[in-house]
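Since the structure comes first, as C-alpha cells, the remarks are kept for the end.
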Amino acid sequence: MTFVDSHFFAFLPVFILLWWLTRNRYELRVGVMLWSSLIFYGYRHWWFVPIILAYALVDWGAGLLIERSTRKKLFLTLGIGFNLAALSFWKYSPLLMKTTSELFGWPSSMSAYALSDGWIIPMGISFYAFIGIAYMVDVYRGTITAERDLWRYALFASFFPHLVAGPILRAKEFLWHLGPDALPNRPLAAWEGTFLIARGFFKKLVLADGIAVAIDPFFSNIADASTAGVWSAPYVYLYALQIYLDFSGYTDIGRGLGLWFGFRWPENFNWPYLATSAQDFWRRWHMTLSRFLRDYLYIPLGGNRHGLARAILATMITMLLGGIWHGASWSFMIWGGLHGAFLVINRLWAMTSLQARLARLTGPSGAIWHVVCIALTFNAVCLAWCFFRLTDLSESLECVRRAFVFDADKMLVGGSGDLSLWMMLAAYGLASAAAAIATRGAPLSDVGQMLDKEHFVRGAAWGGSLSLLVVAWALAPDAQSVPFIYFQF
Amino acid sequence: MQNSAVTSPSSKIAWARVVAGLVAGFLLPILLAEAYVRLHPPEDLHIYLGDSLHRPGIYRPDPVLRAGYRSADEYVPFEAPRIADLRPLNSERPTWLFLGNSFARGLSASVHDRMPSHRVLFYREAKDEFHLRVAQFRLLLESGLRPDHAFFTLIPIEVARYVLRPLDWVYVSRDGALSSKFRLPGEPLDSLLNNSWLARVAWVRSRMHHADPTFRMSRITEVVPQGALADFDAMLRALADVARKYEVPVTIVVLPDRRQILDQSSFSLQEKLTASVRRARLDVFDPRDVFLAHADKRAMYLPDWHYSPVGDRILLDALLAHLKKPDVATAARRPASQ
C-alpha cells in the first residue's frame with residue numbers, strides 16, 4: 001500500500017480508531033501499531049511481511065548479542081552482513097543473472113525473468129536495512145542500549161508512516177519513544193501534522209504528478225527521432241523539481257502522520273535547490289540519508305581525520321556506494337561519482353584564497369556571488385539528474401548533450417512548454433517564499449505554537465490546511481498511475 | 001488552545017474569530033484553484049466544458065456517429081502530419097488501408113514488410129475512437145481515396161470506451177469542437193459541478209463522471225453491456241453504408257487481448273461483436289483460434305501486451321488465409337466497373 005493508494009484512505013481511519021481505542025492499554029496499542037503496519041506493508045504482496053520480520057528478528061538479535069557478547073565485532077559484522085546480503089540479493093540479482101547469463105550462456109529465461117516485471121524488489125527494503133544497520137552500529141558503539149523487546153523493535157523498523165521511504169530514523173528518534181512510559185497517547189502537534197500531510201499530498205498529487213505527465217513522454221522517447229532537436233534543459237529542471245516534490249511530499253506525509261501519533265521525526269529536506277555548494281546541497285537533500293552515509297560510511301572510512309587524499313578517497317567511495325545503492329546500473333554509479341566529484345571540487349575550491357575573498361563579499365556583490373553559487377550548484381545537480389532519471393547510459397549522455405546542442409525553435413516544445421504547469425509551480429514557489437518571509441523562516445513547529453496566540457489566524461491555518469487537501473485531491477492528475485519515485489529504492 | 005479560549009475576554013468572540021478564520025482559510029485556496037482552472041483549463045477537462053470554453057474545431061454534428069468532419073479542406077491542415085503518408089491518394093499498386101490503434105499499425109507494418117507489391121496505408125487520428133474512425137474513413141473516401149481493401153482493428157478496450165462514455169453523449173460544440181456529456185450525481189452536487197470547473201475536474205479525475213463508474217475495463221471481455229453493443233451496431237451500419245457507397249471492401253479484425261489468450265478467459269465480447277459485424281453485412285476476422293492453438297503463447301506477446309514479431313507473423317498469416325476464403329475473396333473483389 002502507498003499513501004496515494006485509494007485503500008490507504010480506508011486503512012487510515014480504521015487505524016486511527018484502533019489507535020485511539022487502545023490509548024490506555026500499552027501492549028495492545030503496540031500490537032495494533034505493529035500489525036497495522038504489517039498489513040500496510042504486505043497489502044499488495046503478502047510475502048513482503050516475512051522479509052521485514054526476518055530483518056527485525058536478525059537486527060534485534062544481533063543488537064542483543066553485540067551488547068552482551070565479548071565478540072561484539074563478529075556479531076556486528078554478521079548483522080550488517082545479513083542486511084547488506086539480503087539487500088543486494090533483491091536489488092542486484094537481475095543484473096547478476098543477466099551478466100552471468102551473457103558470460104556463461106546460462107538459460108536465457110533466467111535473465112529474462114530477472115529483468116521482467118516478475119522481479120519485484122520489496123518496497124522500502126533499503127530504508128529498514130539502513131535503520132537496522134544504524135541501530136546495530138549504535139549498540140556496538142555503546143551510544144544506545146539494545147532493545148529487549150522484539151515486538152517493540154519490529155515496530156520501530158516497520159511503523160507505516162516511515163516504513164517505505166524514510167526518514168531514516170535512529171533509535172533515540174523513535175525507538176526510545178516506544179517504551180511503556182514514553183509511548184504517546186495523543187497527537188504531538190495536530191495542526192502541524194495536518195498541514196504537513198496536506199502539503200505533502202499537494203506536492204505529490206498536484207505538482208510532482210503534474211510534472212510527471214508533462215515530462216515523461218520526453219524522457220521515454222529521448223532516443224527517438226520524435227524528440228530530435230528538443231532542448232533537454234527545461235525537462236531536466238522539471239525533473240529536478242519533480243523528484244524533490246515527490247520525495248519531500250512523501251516525507252511531509254510521513255512526518256505529519258508521525259506528529260498525529262505523537263512522534264516528531266527529523267526533517268529530510270531544507271530548500272535543497274537553494275544550496276550554495278555541493279556540500280551545502282547534501283546538508284539539505286535527503287538529510288537523514290546524508291547523515292547515515294556520513295556517520296556509518298564516511299567517518300568509518302577515515303573521514304577528515306587522515307589528510308586530504310584520504311578524505312577525497314572516502315568521499316568518492318561514499319558517494320559511489322550511495323549511487324549504486326539506488327540501483328544496479330552504471331548510470332546510478334555515475335550519478336554518485338559526479339556528486340563525489342562535485343564534493344571534492346568543492347573541498348579543493350574551499351581551500352583557495354579566491355574562495356575566501358569571494359565569501360567575504362558583502363552588499364550587492366555578495367548577493368550576486370550568492371546567486372551565482374546557487375545557480376552553479378543547481379545546474380551541477382541537474383546535470384547529475386540526467387544519469388538518475390535515465391538509467392540507460394546512452395540515453396543519459398544524450399540528455400546531457402541535448403542540454404547544449406538543440407534546435408533554437410524547439411526550446412520549449414512539448415510538456416516543457418506547458419505554461420499552466422510553470423504557473424502552478426511559480427505560484428507554489430511564491431506562496432512558500434511568502435510563508436517563509438511572513439514567519440521569518442521559523443521552523444514549522446514554532447509556527448504551530450505562534451498560531452495559538454491569534455484566534456483568526458489559527459482558524460485560517462486549519463482551514464487552509466484542509467482546503468489544501470481538497471485542492472490536492474481535486475487537481476490530482478491520475479494519482480493511481482504515478483507511484484512515489486523513492487519507493488523503488 | 002483551550003486555555004486561550006477560556007482566558008480571552010469573550011470566548012464566543014474568540015470562537016467566532018476561529019470560525020471566520022477557518023472559513024476564510026478554507027475558501028482562499030479553493031478560490032485560487034478555481035481561478036487557476038478557469039485560466040488554464042486542464043486538457044482532460046476540455047471535452048466536458050462544451051460551449052463554456054472557446055475551442056475551435058473541425059467537426060460537425062452527425063446524426064449517427066454524433067460527430068463528423070465539416071470538410072476535407074478544414075481537415076487536411078488540421079491533420080496534415082498524420083495524413084502526409086496518404087498522398088498521393090491513389091496508386092497503381094493495390095492499396096490496403098488500415099485504421100485503428102497501435103495494433104493496426106503493427107499489422108500494417110507486417111503487410112508492408114511481407115507484401116512489397118502492395119501499397120500499405122495506416123491512418124490513426126489523434127482522437128482514437130471508433131465512431132471518428134468511421135467518420136475519417138468516410139471523409140477519406142469522399143476526398144477521392146479508393147483503397148482496394150480497408151481493415152479496421154478492434155481490441156476489447158476500445159469497446160469499453162463506449163460503456164464509460166456512450167455514443168449519444170458525444171456532441172459538437174458551437175465552435176466545432178468535440179464535446180461530451182458526463183454523469184451527474186443529482187442535486188445539490190449537480191449545481192456545484194455545473195458552476196465550478198474545479199469541482200468538475202475532481203469529478204472527472206475521480207472517474208465518477210463515467211456512465212457506469214463501477215465498470216471495470218478488465219471485465220469487458222466477459223460482461224458486454226447492451227448499450228455499448230447497440231452503439232457498435234449503429235457505427236458498423238454507418239460504416240457498411242459508406243463501404244457500399246464507395247464499393248470498398250472492409251474487414252473488421254476483432255483482436256483478443258493477451259489475457260484472453262494466456263488465461264483463456266471469456267470470449268463473450270468477440271462473440272457479440274462478430275455477430276454485430278455480420279448483421280451489418282461486413283466481413284469479420286476473428287483470429288482467436290490461431291492464437292489459442294499456438295504452442296508458445298507467451299512468445300506471441302511483448303511485455304506491454306502488444307504482439308511480438310512472432311505474434312505479428314501469426315496474425316498476418318491467419319489474415320491472409322482468411323482473405324483467401326471463397327466467400328471473403330468474392331466479397332473483397334473490386335467490382336468490374338471500378
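Chain A is the first sequence line, chain B the second, and so forth, proteins listed ahead of strands; every chain is numbered from 1.
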Looking only at side-chain N and O atoms, does B:D212 offer a donor or acceptor that is under 3.5 Å from a partner on B:H210?
no
Using heavy-atom distances under 4.5 Å, tell me whether B:V201 contacts chain A through its side chain, its backbone, both, or neither.
both
A:F201 and A:Y250: aromatic ring centres closer than 6.0 Å?
no
Main-chain N/O of A:P217 paired to A:N221 side chain as donor or acceptor, under 3.5 Å
yes
Applying a strict 4.5 Å limit to non-hydrogen atoms, the region of B:V23 in contact with chain A is neither
Would you please say whether a donor-acceptor pair under 3.5 Å links the side chains of B:S196 and B:E34?
yes
Pair A:T194-A:W260, side-chain donor/acceptor within less than 3.5 Å:
yes
For B:L28, is it the side chain, the backbone, both or neither that has a heavy atom under 4.5 Å from a heavy atom of chain A?
neither
Close aromatic pair by centroid cut-off 6.0 Å: B:H209 and B:Y48:
yes
Is the backbone of A:L207 close enough, under 3.5 Å, to the side chain of A:Y428 for a donor and an acceptor to pair up by distance?
no
Where along residues 180-191 of chain B does a heavy atom come under 4.5 Å of chain A, listed by residue number?
none
For A:F219, all residues meeting ring pair (Phe, Tyr, Trp, His ring centres under 6.0 Å), sequence neighbours excluded:
none
Going through the checks in order, is the side chain to side chain contact (heavy atoms under 4.5 Å, CB included) test met by B:R17 and B:I13?
CA-CA 6 Å; B:R17 283 179 181 160; B:I13 291 175; 3.9 Å; yes
Would you mind checking which part of B:L32 comes under 4.5 Å of any heavy atom in chain A, side chain (CB onward), backbone (N, CA, C, O), both or neither?
neither
Cut-off 4.5 Å, heavy atoms of chain A, and the answer for B:A20 is both
A:L469, part contacting chain B, at a heavy-atom distance under 4.5 Å:
neither
